[in-house]
Structures are given as C-alpha cells and as structure tokens.
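Structure record follows, encoded as structure tokens.
Sequence lines set the chain letters: A, B, ... in the order given, protein chains first and strands last, and positions in each chain run from 1. These figures come from a predicted structure and were not determined experimentally.
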Amino acid sequence: MSLEWRRIEEKWRREWEKDRIFEADPDPKRKKCFVTFPYPYMNGPLHLGHAFTATRIDVYARYKRMRGFNTLFPWAWHWTGEPIVGTALRIQSGDEEIIKALKEIDGVPEEELKKFVDPIYMAKYYTSEGKEAAKEIGFSVDWRREFHTTSLEPAYSRFIEWQYETLRKKGYVVKGTHPVVWCPKCKSPTGDHDRLEGEGVSPEEYTLLKFQCGDAYLPAATFRPETIYGVTNMFLNPDATYVEAIVDDEKWIISKEAAFKLSEQMRKVKILREFKGSELIGKYFVDPISGRNLPILPGWFVDPKSATGVVYSVPAHAPADWIALKDLMNKPEVLRKFGIDLEVIKGIKPISLIKVEGYGDYPAIEIVEKMGVRDQFDPKVDEATSIIYRKEFHTGVLKPITGKYAGKRVRDVKAELIEDFKKMGIADLMYDLPEKVVCRCTTRCIVKILSDQWFLKYSDPEWKKLAHEAVDRAKIFPETARAYFHDKIDWLRDWACARRTGLGTPLPWSPDWIVETLSDSTIYMAFYTIVKHIRKYNIKAEQLTNEVFDHIFLGIGDPDALAKDSGIDASIIREMRDEFTYWYPVDLRVSAKELVPNHLSFFIFQHVALFPQKYWPRAIGVNGMLLIEGKKMSKSKGNFLTLSKTVDEFGADVTRMTLILGAEDMEDPDWRAENAKSIDSKLRSLYRFINEIASMQGEDKPRSIDRWLISVLQGRIKAVSEAIENLKTRTAAEIAFFEVWNDIRWYLRRVDKPNPKTLKKVADVWVRLLAPFTPHVCEEMWRLLKRKGFISVAEWPVYDKEKVDVAAEESEDIIRSLINDTLNIMEATKKTPKRICYYVAADWKWKVYLEILRKALSARVEIRDVMRALMKDQELREKAKKISAYVGKLLPEINVMSEDQKRRRVKAKRIDEEALLNEAKELFEKEFKAEILIYNEDDSKRYDPMNRANLAKPYRPAIYIE
RNA sequence: GCGGGGGUGUCCGAGCGGUCAAAGGAGGCAGGCUUAGGACCUGCUGGCAUAGGCCUGCGCGGGUUCGAAUCCCGCCCCCCGCACCA
C-alpha cells in the first residue's frame with residue numbers, strides 16, 4: 001500500500017542526509033531556534049506516543065527553519081534506571097510473558113532476544129532500532145549530537161557529576177530521611193508496580209496525641225487533632241494484643257503491630273511486656289488539655305493494624321465513636337463483663353467543638369441517625385465518617401471551647417495547632433498507610449523511614465520562587481498548563497535523587513549511590529551543544545573537569561589556564577563555550593502532560609538553580625497522551641503500536657499527518673487506522689492535484705474570484721503561522737490541509753475555467769504550508785512545481801497585506817449566501833426553477849447602508865441620529881419616507897453584527913453587485929440549471945411580476961423564482 | 001481526597017457574549033467517472049416550511065443580559081497526575 005510513499009520518502013531522506021540540511025552549527029548572523037524532545041527510555045522500541053510528541057516538535061522545528069531560523073533539533077537516549085536491568089533479569093530467568101511481549105510486540109528477532117540477558121545489549125539494540133525509526137518518520141534531527149546516558153557514556157556521566165557537585169555546593173542537594181512504602185520481607189521500597197494490593201496508596205502522616213495513663217502514655221492516632229477538645233473517653237480493642245514499650249525515652253501503650261512499625265520509623269523501641277487490650281478496659285486516663293479523668297472503653301472497631309491501635313473518642317464529631325458508645329449503652333452485659341458501671345457510659349456527654357453549617361451541635365449523632373447506621377460494624381460508618389470529616393475540615397469553624405483557635409476554620413488552623421501541641425509535648429507523629437498494601441511477595445507492607453537519603457531540596461521556598469518565576473517568564477503551550485506548573489512546583493517536596501540499583505551515574509561523593517533517573521535528565525539539553533566537540537576532538541571524560549564545565553556553561557575561569565589543566569586546547573574550550581551560549585536557552589521543549597509533575601518541573605528547577613536567567617527555558621509545550629482506537633495504549637491490551645511498524649504500514653507522511661490531526665493542547669489524541677487510511681488517500685489525491693496544476697498551461701486575466709483566492713490564502717498563511725507559533729499543531733494542519741483545499745474547491749466550482757497562473761501561485765504557497773507536516777511528499781511536489789532546492793529549507797510563505805482584498809472576500813460571501821438563499825427558497829417551495837431573477841439594491845440603499853455601518857463602528861446607533869445625518873444629502877432627502885422605513889429594518893440587523901464584520905464591510909465599501917452577479921451568471925446557470933436574469937431594483941425595464949425588487953438590500957439581492 | 005483537563009450535532013472535534021444550525025474531519029445520502037467499484041471527483045447531510053423563514057439544540061438545574069454553546073451559581077459524569085517510578 002505504501003510502496004509509493006516508501007520510494008518517495010527514502011529518496012528524500014537520503015537527499016537530506018547527503019546535504020546535511022538538518023545539521024546546525026552556530027551562525028551569529030542568524031537567529032537560532034533550539035528545540036528538544038525528552039529523550040526516550042530504551043527498554044523498548046519507540047512507539048506512537050513518542051511519535052506524537054516528537055512530530056509536534058518536528059513540525060515546529062521545520063516551520064522555524066523555513067522562517068529562516070538556524071534550527072537545532074537534537075536527539076538522545078535515556079538508559080538510566082532500573083527497568084532495563086529488570087527486563088534483562090526477567091529474560092534471564094526465562095519469564096515467558098516478557099519474552100512473548102518482546103517478540104510479538106517489539107518485534108525482536110529470536111537471536112537478538114537471547115542477547116538481551118545483557119541489559120547494555122538490550123539498550124543498544126533499542127537505541128539503534130529507535131534511531132532508524134526516528135529517521136524513517138522524517139524527524140529533522142542533527143544526529144551528530146546523539147548520545148545516551150549512564151556511566152557507559154563517560155562524558156555524559158562526567159556532566160552529571162558536575163551538575164550534582166554544583167548543586168550540592170549551592171545547597172540544593174541535601175541528606176535527609178524519607179518515609180516509603182516498605183516490604184519487611186523483601187527489605188525494599190514497594191513501588192506501585194510491585195504491589196498485589198493497594199495501588200496508589202502512599203504514606204500518611206498521623207498525629208499522635210499522648211494521653212497519660214498511669215506511668216505510661218496512650219498515643220492515640222488521628223488526622224483530626226483539633227478534636228482533642230471534645231474527647232470523652234478512649235477506645236481500645238479488648239481482643240487485640242497491645243504492648244508496653246519504651247519508645248525513645250517514654251513508656252507508650254500501643255498495639256504490637258504499631259511497636260514494630262515505629263521501630264522502622266527511626267524510633268528506639270523496647271518492648272517491656274505484651275497483654276490483651278481487655279486488661280486496660282475500665283481504667284482511666286488524663287486529658288492533657290482539661291485535666292479530666294476519662295474512661296477507657298472497649299471498641300471492637302479499633303484496628304490494631306492501623307496506626308497505634310489506640311483511639312480517643314469524640315462522639316460529637318466522630319460517627320464511629322458515637323455509634324460505639326451507643327453499642328455499649330445497648331449492651332449492659334458487655335459492660336458488666338468488663339466491670340464498667342452503666343452509669344459511666346450514661347455520664348458521657350458529647351462535647352461540641354466545631355460549628356458546621358447544616359448541622360447542629362452534634363453532627364456525628366445527626367448523621368448516624370440520618371443514615372440509619374446500625375452499629376460499629378456497619379459499613380456505613382466509614383461513609384458517615386468521611387462526610388463529616390470533609391464537611392468539618394472545609395467549612396467547620398472552631399468553637400470557644402478550643403481557646404485561641406476559636407472562630408477559625410479547621411483547615412486554616414490545623415497545621416498551627418499540631419505545631420503547638422508538639423511544643424506542649426502532647427503530640428507526636430507516625431506514618432502509616434491509610435489502606436492495606438500488599439507486596440508481590442504477599443507480605444503486608446508498612447511505612448519505613450529511610451535515612452541517609454540524598455535529596456534535591458525542592459521544598460526550598462527560595463528555589464520554588466525562582467521556579468515560579470521561570471514559569472512566569474516562559475511561554476507555556478497551552479496557556480492553561482501554566483497553572484498546572486505553578487501548582488506542581490508548590491506541591492513538590494524534597495526528591496530522593498539517588499538509588500541503589502539500576503544503570504546510571506554514581507553519585508560523585510558517594511559512589512555506592514546512583515543518580516536517580518529523573519534527576520539526571522534535567523539540563524542535558526546543554527550537553528547537546530558540546531557533545532559534537534567531544535566527539536570531533538576525541539575529548540576524554542577525565543579532561544572534562546568541573547572547572548572546564550564551569551567555564552563552558554557558566555563562563556567561569558580562563559580557557560588558557562583550563563587548557564593547561566585539562567589538556568583540551570583553549571580554542572576548543574572557547575568553541576564549546578561559544579556553541580553553548582549560541583544555542584542556549586532551550587526555545588521549546590514538549591512532552592506529554594504526565595511529565596509535568598516530575599520531569600518538566602525538574603527541568604525548570606534545575607535550570608533556575610544552575611543557570612542565569614537568560615538561559616532559562618523559553619517555551620514549554622504539554623500535550624495529551626495517545627490513545628489507540630479509543631483506548632490507552634498498552635502492551636497487555638495488545639494495542640501497542642511501535643513507530644517503525646506504523647511507518648512501515650502507512651508511510652511517514654501519513655503517520656505524521658494523522659498524529660498531528662489527532663489532537664492539540666492537553667487533549668488526548670486518538671490514533672485510528674481508519675483515519676490514517678483516509679489521510680493516505682487524501683495525500684494521494686493532493687499529489688495528483690498538484691501534478692495537474694503543475695502541468696497546466698497559459699495565463700488568464702485575474703478576475704474578482706482570482707483575487708478572492710489569493711486574498712483568502714493570505715488569511716490561511718497567517719492562521720497557519722500563528723497556530724504553529726503557539727504549538728496549535730492540529731489547528732495549523734487542519735487549515736493548511738483542509739481549509740486551503742476547500743478554498744481551492746470553491747474557486748474551481750466558481751469558475752468555468754481556472755486561471756493556471758492563480759492556481760500555480762496558490763500551489764506554491766500551499767505546498768510550503770504543508771511541508772512541516774508532510775515533508776517528504778512536499779519535497780516531491782516542490783519538484784513538480786519546478787522549484788529548486790529543498791522545500792525543507794525553502795522560505796515560509798509570507799502573509800502579504802497587499803494581497804488581501806476585503807471587497808473580493810465580501811463579494812464571494814454575497815454569491816454564496818445568494819446560492820444558499822435560492823436553494824432554501826427552492827426547498828421551501830418545492831419548485832424547480834426555469835428562470836431566476838436577482839435584483840440588486842439601489843444606489844441610495846448602499847449609501848444609507850454604508851453610512852449607518854460607519855456610524856455603528858463607534859457607537860450604538862439610533863434612528864433619529866441616522867436620519868438627521870442622512871437628510872443632509874439632497875438626493876436622499878427626496879426619498880425620506882422610503883429611507884426611514886428602510887433604516888428601521890436595517891438598524892437591528894446592524895446592531896447585531898460583530899465589530900469585525902462591520903469593519904470589513906466598511907472597508908469593502910460599495911460593492912458593484914450587478915457586475916459581480918453578472919460575472920457569476922454562468923455559475924448560477926450551472927448550479928440551478930435555469931435562466932438567470934439580473935437587474936438593479938431601480939431598473940424600470942426589469943422583469944419583476946411579483947414586485948420583489950424592492951426587497952433588495954446591500955449584500956442581499958432580492959430573488960424571484962419562476 | 002487534592003490538583004489539572006474535559007463533557008458540543010450519528011461519531012471525532014473547533015468555537016468560549018451577537019457574524020452559531022454551530023469550522024474541519026469521519027460516517028451517511030445523492031450525482032459524476034467507470035465494465036465495476038470499498039478508488040477518485042462534486043454536492044448535500046437537525047426538524048418543519050409553496051419565498052430567503054420558523055422551531056429544537058451545545059452534560060443537568062437555576063441566574064445575569066436586549067441577546068448565552070460562550071459569563072455567574074449549584075449539581076452530575078469522564079480523563080490524567082499524586083513521588084523514589086520511567
């Protein structure tokens with residue numbers, strides 16, 4: 001099917017390569033444009049998702065190149081991280097599932113697959129396949145700057161070392177601790193992909209409120225420490241195992257599970273004894289706020305696996321607490337078993353502390369009754385809890401009983417309150433998982449605090465401020481993504497930037513750590529500017545000292561001195577510095593929206609940390625995620641499309657155009673084979689059509705319709721250019737491909753014989769407008785049009801104001817709406833006309849019309865004012881009566897017109913409709929297969945049996961059908 | 001839950017106060033070309049209407065306005081991200 005495409009595409013790819021038109025070197029005389037694509041991770045082939053993003057970048061690059069920018073689009077490969085190693089291990093262990101996937105989906109041949117037990121081999125394989133695919137789809141890449149990451153590319157590794165040492169010097173890399181979801185059996189963090197249960201669950205920080213009980217504390221866990229003002233009792237699970245333990249320096253009573261968890265959270269835990277919860281039931285504890293003695297009661301809903309297994313009770317605001325109390329009241333025999341007097345329970349009065357709209361003093365009681373919660377084991381308890389919690393958190397206001405917090409909203413005061421409680425020594429904290437998480441190995445996970453971790457200190461407010469500033473200064477495509485960036489910058493916490501396993505660059509000051517994969521891919525665009533020299537001059541990694549990098553990227557130090565130390569020629573160091581300063585900053589970086597919270601934000605953070613403002617990113621584009629036939633692309637769903645297979649099937653241009661027309665902004669494009677087929681046939685007919693135009697001979701005098709076509713083409717040029725500038729690639733392609741074509745269609749429908757010269761002019765522009773999208777076939781058509789050189793570097797069509805002919809455009813609108821109106825009448829009357837008469841408006845109507853339009857431009861017009869002005873004209877004065885009737889009808893019409901429309905019509909001035917319609921007479925005859933008569937409404941000799949002529953208005957000739 | 005993006009005609013999508021029955025594409029219909037066509041070209045494609053009009057309509061319910069797909073309020077639904085992972 002795509003045989004013909006392949007021939008064309010291969011030919012032009014070879015030509016481009018031969019002439020090196022995409023290799024870009026600094027040229028101080030030209031404006032530069034530096035675009036980048038986030039290097040893809042090489043644990044598999046490039047797929048259509050990569051292609052979508054990269055095609056958008058390539059379109060932009062090709063456009064800028066045609067606009068005369070010295071444009072650099074480099075490419076590299078990401079090898080850093082664990083999955084490549086992980087996959088290699090799985091292959092080694094004979095994992096059928098992955099072997100099948102690699103064979104069938106990635107298309108890896110058997111004999112290659114065997115070698116994949118070596119992760120490096122695998123990365124190399126996919127890299128070389130990927131490069132082939134990127135070339136096949138026609139990305140305009142300067143391949144001299146290609147590289148891959150990790151210590152296997154020593155110069156790159158050196159670059160990462162420089163980056164991290166510099167960041168550390170600036171205080172942006174710090175040592176710290178970090179809570180992770182942890183499998184106690186595997187003794188490693190349990191990421192989402194390693195879980196049987198609990199996807200998406202992450203550590204939550206609980207506040208522990210410490211209640212004195214004898215010589216020990218009962219640390220009750222809560223998300224709502226403010227409710228301590230309403231505490232009435234404690235709940236322990238009588239059947240669960242608790243321990244008395246020395247935690248750090250205090251004696252705590254907690255569940256046995258909690259003791260283990262705390263021991264993993266950097267606490268010294270020494271268990272003194274174990275006992276059943278029932279032992280403490282009926283005993284009393286002290287509320288540290290009010291000093292009251294309160295009872296410990298049995299609560300079977302208390303889960304010893306959740307946090308500390310100790311729960312304090314706030315029946316006014318916690319449905320679970322209220323219902324548990326109620327359960328006890330209803331079961332005196334249970335109380336008796338624990339030796340608790342029923343009067344103790346009856347004596348417990350809920351204490352209200354939060355005022356919340358829509359509820360009385362005791363929201364928990366209200367909701368329990370409203371929802372008909374049966375008892376503490378009713379699943380509805382959770383729902384009730386969540387409703388009350390949300391409501392009180394967002395809208396609740398604290399009551400006077402809370403002292404200094406009274407009158408404030410819960411949400412606004414929570415953090416302050418926790419701080420205060422910690423200072424008072426009544427609060428502590430622990431991490432736990434809000435839901436059950438189970439590791440692949442079937443072990444239940446806990447939260448562990450890792451120590452000695454290295455972090456990028458993204459929490460640093462000063463750093464965040466710079467990052468926000470960078471976002472404010474950059475163009476963000478689409479604009480709506482700007483808020484997204486700001487939000488994510490605020491939200492980012494410290495990022496653990498080193499790992500123990502996988503491929504990558506060792507942390508220079510602690511080489512048993514490897515720089516984490518997202519953290520080593522933040523400023524590598526700078527490396528593109530010098531990798532060329534490293535290759536060309538065979539510079540060794542060890543020659544690239546920190547001082548050399550400091551000079552190249554930051555301008556620090558003297559090249560001559562550096563040359564002596566590093567052994568790199570001073571001239572080469574200068575060359576590298578020049579190349580960096582020429583290309584930097586990055587003019588555009590684009591990725592899918594999933595990378596905004598991590599990669600793209602890191603990209604911004606690292607740039608503002610390391611580089612001066614003039615080297616901060618200029619523009620960032622964000623796009624949606626590719627769907628295949630309406631579904632998310634995934635290997636397991638069997639709808640995974642690799643780039644090379646798709647290009648094989650449909651050809652590069654078809655693939656590019658289909659992708660680009662799929663979506664823009666943050667919408668998710670949907671790849672459908674049907675669409676690709678349709679684009680395929682359209683591109684073929686485009687080619688035929690251009691061929692036809694190219695072979696046309698002769699030249700006719702330009703008519704209004706020729707001026708029209710050239711004029712609307714100017715609008716198309718402008719629209720396409722603006723769209724690409726704003727990365728509205730779909731809009732741009734849609735206009736360049738379909739709208740221009742439709743314009744030409746109208747032209748052809750409109751004329752009996754097209755003017756070859758007009759069509760050739762249009763084709764010449766049209767092909768260039770399409771070149772960024774479908775470059776191969778456009779090169780081919782460029783030749784058909786007898787043009788020399790590559791269209792890829794031809795001059796982008798210039799919007800020419802001189803060629804815009806508003807009158808011609810408005811004239812065409814008259815013709816079109818006249819045809820529509822005529823058809824409408826034919827439809828309504830079910831008449832097939834033998835004769836159609838058109839009557840164009842009289843001179844005086846035009847005078848009045850334009851006068852009112854002009855007035856309406858500046859203000860809303862009133863009949864009185866208009867009439868007064870019009871009556872100054874002697875000629876009009878004679879028709880005063882007719883005019884006032886006409887104006888009365890006209891005014892509402894004009895007041896409803898858009899400013900733009902009014903301006904256009906004023907600019908178009910008086911249109912000679914009689915001449916216009918006469919010129920279009922053949923068209924009308926052809927369309928309606930009827931005799932066409934055209935008159936001025938004033939024409940006394942007109943044929944007008946129904947007396948319709950007086951209905952004529954400017955822009956709207958009257959119609960009579962026989 | 002938090003944050004971001006969305007809900008438009010048969011479908012995909014543009015529009016974001018008047019030019020809107022609503023761009024463009026797909027699908028459907030009709031005609032042309034052709035031995036034939038799922039290939040290509042052209043036109044039509046909400047309903048009603050014997051004169052260029054009217055009615056319904058842009059997730060649901062209210063509101064602002066001379067006028068709302070477009071602005072405001074409330075609600076429902078869908079997609080994406082939420083950290084040691086590329």
Less than 6.0 angstrom from the centroid, inside 45 degrees of the normal: does A/R500 satisfy that with respect to the ring of A/W513? yes
Both conditions, 6.0 Å and 45 degrees, for the charged tip of A/R835 above the ring of A/Y943: are they met here?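 So A/R835 does make the cation-pi contact.
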Centroid distance under 5.5 Å and plane angle under 30°, A/F738 vs B/rA23: no
So what does [X] touch, heavy atoms closer than 4.0 Å: a base, only the sugar-phosphate, or nothing?
X      : answer
A/I735 : nothing
A/E674 : nothing
A/P203 : nothing
A/K632 : sugar-phosphate
A/S202 : sugar-phosphate
A/A592 : nothing
A/M897 : nothing
A/N820 : nothing
A/L823 : nothing
A/K953 : nothing
A/T822 : nothing
A/F737 : nothing
A/D668 : sugar-phosphate
A/R672 : nothing

Where each residue is assigned the nucleotide of RNA chain B containing its nearest heavy atom, which of A/R749 and A/E734 is assigned the position nearer the 5′ end?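 In this pair, the answer is A/E734.
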Taking for each residue the nucleotide of RNA chain B bearing the nearest heavy atom, is the 5' side occupied by A/D900 or by A/R745?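 First, find each residue's nearest nucleotide; the 5'-ward one identifies A/D900.
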Between A/S678 and B/rA26, is there a side-chain N or O to OP1/OP2 distance below 4.0 Å? yes
Are A/R956 and B/rG53 close enough that a side-chain N or O sits under 4.0 Å from OP1 or OP2?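 Checking A/R956 against B/rG53: at least one side-chain N or O falls below 4.0 Å of OP1 or OP2.
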Taking A/I84's backbone N and O only, do any of them form a donor-acceptor pair with A/Y41's side chain (distance below 3.5 Å, no angle check)?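 Side chain of A/Y41 to backbone of A/I84, a donor-acceptor pair under 3.5 Å: yes, one is there.
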Check: A/R904 side chain, A/V806 main-chain N or O, donor-acceptor pair, under 3.5 Å: no
Would you mind reading off the distance between [X] atom [atom1] and [N] atom [atom2], rounded to a whole angstrom?
X      : N      : atom1 : atom2 : answer
A/N742 : B/rC41 : CG    : P     : 12 Å
A/F223 : B/rG1  : CZ    : P     : 15 Å
A/M657 : B/rG25 : CE    : P     : 13 Å

Can you tell me the pairing partner of B/rG1 across any strand shown, Watson-Crick or G-U wobble, with both distances under 3.5 angstrom?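 Paired with B/rC82.
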Looking at every heavy atom in both A/A732 and A/V720, which two are closest together, and how far apart are they?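 Nearest heavy atoms, A/A732 then A/V720: O-CG2, 3.8 Å.
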Going from OG on A/S601 to CD on A/Q606, what distance comes out if it is rounded to the nearest 0.5 angstrom?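 Spacing of OG (A/S601) from CD (A/Q606) equals 11.0 Å.
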P spacing across the pair B/rG1 / B/rC72, given as an integer number of angstrom: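 Looking at atom P only, B/rG1 and B/rC72 are 23 Å apart.
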